[in-house]
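Some notes on the structure that comes next.
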Protein chains: 2
Amino acid sequence: MMSLAELQRRIDHGDLSADDAIAQSCAATDERDKTIGAFVCRAKGARAASTGPLRGIAVGIKDIIDTSDFPTEMGSTIYRGWRPRADAPVVMMLKQAGATIVGKTTTTAFAANDPTATLNPHNPAHTPGGSSSGSAAAVGAGMIPLALGTQTGGSVIRPASFCGVAAIKPTYRLLPTVGVKCFSWTLDTVGLFAAGVRDLAHGLAAMTGRPELLPGAASSAPRIGVVMQDFAGEPEAAGSEALRIALAAAERAGASVRALALPEIIAEAWRIHPTVQQFEAHQAFAWEYRVNYDAMPPLLRGRLDESRGTTPAEYDEARRIADRARAALAAIFEDIDVLLTFSAPGAAPKGLASTGDARFNRLWTLMGTPCVNVPATIAEGGLPVGVQVIAGFGDDAGALEAARFVEEALARG
Amino acid sequence: MMSLAELQRRIDHGDLSADDAIAQSCAATDERDKTIGAFVCRAKGARAASTGPLRGIAVGIKDIIDTSDFPTEMGSTIYRGWRPRADAPVVMMLKQAGATIVGKTTTTAFAANDPTATLNPHNPAHTPGGSSSGSAAAVGAGMIPLALGTQTGGSVIRPASFCGVAAIKPTYRLLPTVGVKCFSWTLDTVGLFAAGVRDLAHGLAAMTGRPELLPGAASSAPRIGVVMQDFAGEPEAAGSEALRIALAAAERAGASVRALALPEIIAEAWRIHPTVQQFEAHQAFAWEYRVNYDAMPPLLRGRLDESRGTTPAEYDEARRIADRARAALAAIFEDIDVLLTFSAPGAAPKGLASTGDARFNRLWTLMGTPCVNVPATIAEGGLPVGVQVIAGFGDDAGALEAARFVEEALARG
């Protein structure tokens with residue numbers, strides 16, 4: 001994979017020109033995307049900016065995010081050839097920091113469950129996960145050093161785990177969702193994919209103008225609470241093994257680790273996530289569902305059909321549960337620095353019919369807390385499996401620092 | 001003005017056909033909009049739906065709200081001829097309830113301060129207010145019974161006061177802002193304009209599928225806390241007089257009224273509203289401001305120029321102040337039902353250069369609480385002046401009920 005931080009260092013030191021860095025990404029994409037299919041469309045003659053912390057950094061943008069110079073097709077025929085007028089604010093943040101947008105990456109239709117044709121870069125017989133399929137696969141295949149995705153259930157952390165890349169779903173609304181096709185306004189969160197945790201930190205700091213997100217000299221040993229999310233069911237063997245390996249490495253490196261039982265209100269929040277998501281989706285997709293029913297992607301349409309009866313009262317009650325759970329979770333973070341849990345039930349499922357299961361992700365999307373995927377192990381078939389580091393609401397710096405600690409501990413073995 | 005509730009009653013009883021109701025609105029608009037200029041564009045051959053609680057109700061949509069069958073030009077040459085693909089969810093809510101969208105109403109450019117050419121329907125030498133200029137003027141002139149606007153500072157309540165119409169800025173996110181041009185995602189709120197408070201309640205209940213918003217048989221006498229918002233400066237004589245008249249009427253009708261001093265944290269929230277608004281506006285308008293600087297509306301561009309230096313740390317601190325103020329405000333609503341205050345400093349200013357001042361509105365937009373404008377008096381020049389009824393977060397039914405009480409008390413004189 002291409003390390004954003006390493007490219008930055010070489011460009012800053014004059015060892016590599018920004019244009020050559022972009023050219024390397026384009027050449028790698030030319031070669032690898034023929035088999036992976038991570039891009040929907042690509043820039044012709046992409047050039048580097050001359051200034052900015054991300055000059056020379058080639059970025060792929062999930063195709064539900066508005067771009068003024070590429071079509072934005074949402075993975076659906078309903079938006080075939082659609083050209084937004086403006087760049088979404090997150091795209092402008094990248095451009096203002098000097099990054100070069102080299103193309104749009106595949107998305108499941110409307111960032112729901114209907115799969116793309118994109119292949120897992122580690123094993124073409126498996127899904128890369130979704131909904132940010134192309135962004136995870138393009139970084140995982142070493143085509144580009146940075147990509148944007150979005151998460152409403154588990155659409156950043158899960159494909160990152162399946163594709164063996166680092167990813168952050170930042171605190172809710174640290175990055176604006178303006179100009180991003182809405183699924184659920186309470187849940188939708190823009191996230192970043194990169195080779196490693198340092199790379200995520202450099203990318204997010206440059207986008208937001210928040211230098212406090214940059215990694216310090218050494219990450220201090222975190223107090224880790226381990227949560228199994230029993231309410232979400234059992235993980236597969238590969239998911240358990242990834243968590244076991246990460247915990248053992250973190251403990252060896254000096255972290256304090258203890259098992260935590262989450263209070264019942266948090267389990268309730270996990271249960272009502274779909275109520276919030278689907279009630280809002282019925283409003284967000286009202287035009288597509290009512291006016292273009294036959295052209296709707298079948299899995300999403302089926303979920304909308306099933307959830308038609310959700311009432312405002314059920315939605316209001318679900319939001320009250322979420323509010324209480326957020327308060328309960330904030331209290332838990334008074335005694336620990338981060339939580340550690342599964343990024344996905346196991347390795348990427350076989351075939352492309354399913355993008356996998358978001359059951360270990362969706363709670364944290366509803367809580368709005370920052371989550372980082374750290375690749376932890378390689379399962380059968382060469383398939384990566386990650387773990388999920390979660391910090392308190394607004395503590396993106398803490399999430400990144402602890403994730404880097406876990407990543408370094410794993411690298412020492 | 002045309003009463004939505006009265007039109008509904010006549011259509012339900014078979015005294016008026018839904019198509020005739022739409023034809024009446026179109027005829028009134030043909031006649032009055034030649035001088036007022038409330039519409040940007042209008043539907044040709046508008047027809048009524050055959051079912052739904054809002055069948056026969058002609059609605060105008062502020063031109064920053066996406067529509068699939070009209071251009072959406074944002075009041076700016078940057079979006080001249082722009083055609084969104086989809087209807088915004090609030091537009092679909094209206095259509096699903098049977099309403100007929102008869103056109104797009106004028107908006108100040110990007111819902112900021114650069115004025116439109118729309119005239120005040122009560123005195124053509126005065127502004128109708130903004131930013132939802134056309135929506136307030138079209139309802140105030142009796143062209144249509146319902147219109148949508150948006151508020152980031154005071155863009156619903158203020159023009160409603162100036163144009164002598166009832167309006168509600170509902171609780172933050174009761175109505176989705178998806179497909180609405182973003183100014184500030186923490187503040188932007190979609191609101192409704194109608195002839196009276198009952199009409200607002202019928203419109204909002206139909207849009208949201210929340211029958212609890214419908215008015216009961218009789219509104220009970222509310223406990224009213226009167227707030228002068230001293231931190232926002234002094235009102236003009238006409239604003240003071242409107243509040244005095246409304247309070248006297250409410251007291252005569254049996255309401256308990258007492259003066260309330262708001263705690264310092266709430267005054268602080270008033271002060272930091274512009275920090276939240278402008279920091280987010282720099283992201284929301286990044287493409288327009290960076291790529292189309294010369295074509296930006298001058299007043300908005302000037303405000304963006306001035307606020308370029310706002311830091312993430314200042315923004316984070318402003319959000320913390322807002323959170324604390326929301327908690328302090330919730331405690332106040334334990335002892336009272338609603339607050340009553342000015343809708344605007346006074347009557348509509350003369351000329352079209354300024355749309356007026358949002359200083360008595362912006363706090364409540366930041367608090368996310370439901371606000372209703374109730375017309376209270378007529379000042380010199382035939383210009384209406386309203387008062388603002390505010391309930392606790394999420395208590396839209398309470399805001400509407402108390403506003404109806406005040407409206408009825410004023411009608412009894």
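Proteins come first, then strands; the chains are lettered A, B, ... in the order of their sequence lines, and each starts at number 1.
Closest of all the heavy-atom pairs between W287(B) and A86(A) is CE3-CB, 3.3 Å. Closest of all the heavy-atom pairs between R85(B) and W82(A) is N-CH2, 3.4 Å. Shortest non-hydrogen contact noted between M92(A) and V291(B) is CE-CG2, 4.3 Å.
Remark: the backbone N or O of Q96(A) is not paired with any side-chain donor or acceptor of R290(B) at under 3.5 angstrom.
Neither the backbone nor the side chain of F285(A) comes within less than 4.5 Å of any heavy atom of chain B. Residue contact with chain A, scored on non-hydrogen atoms closer than 4.5 Å, is absent for Y289(B). Contact of D316(A) with chain B is made through the side chain alone, with heavy-atom distances under 4.5 Å. At a 4.5 Å heavy-atom cutoff, the contact between T208(B) and chain A is made by backbone atoms alone.
Within a 6.0 Å sphere centred on CZ of R47(B), other residues, nucleotides and ligands contribute 12 heavy atoms or fewer.
Among the candidates A286(A), P312(A), A284(A), the residue making the largest number of heavy-atom pairs closer than 4.5 Å to chain B is P312(A). In terms of heavy-atom pairs under 4.5 Å with chain B, the best-connected choice from K95(A), E288(A), M93(A), R173(A) is R173(A).
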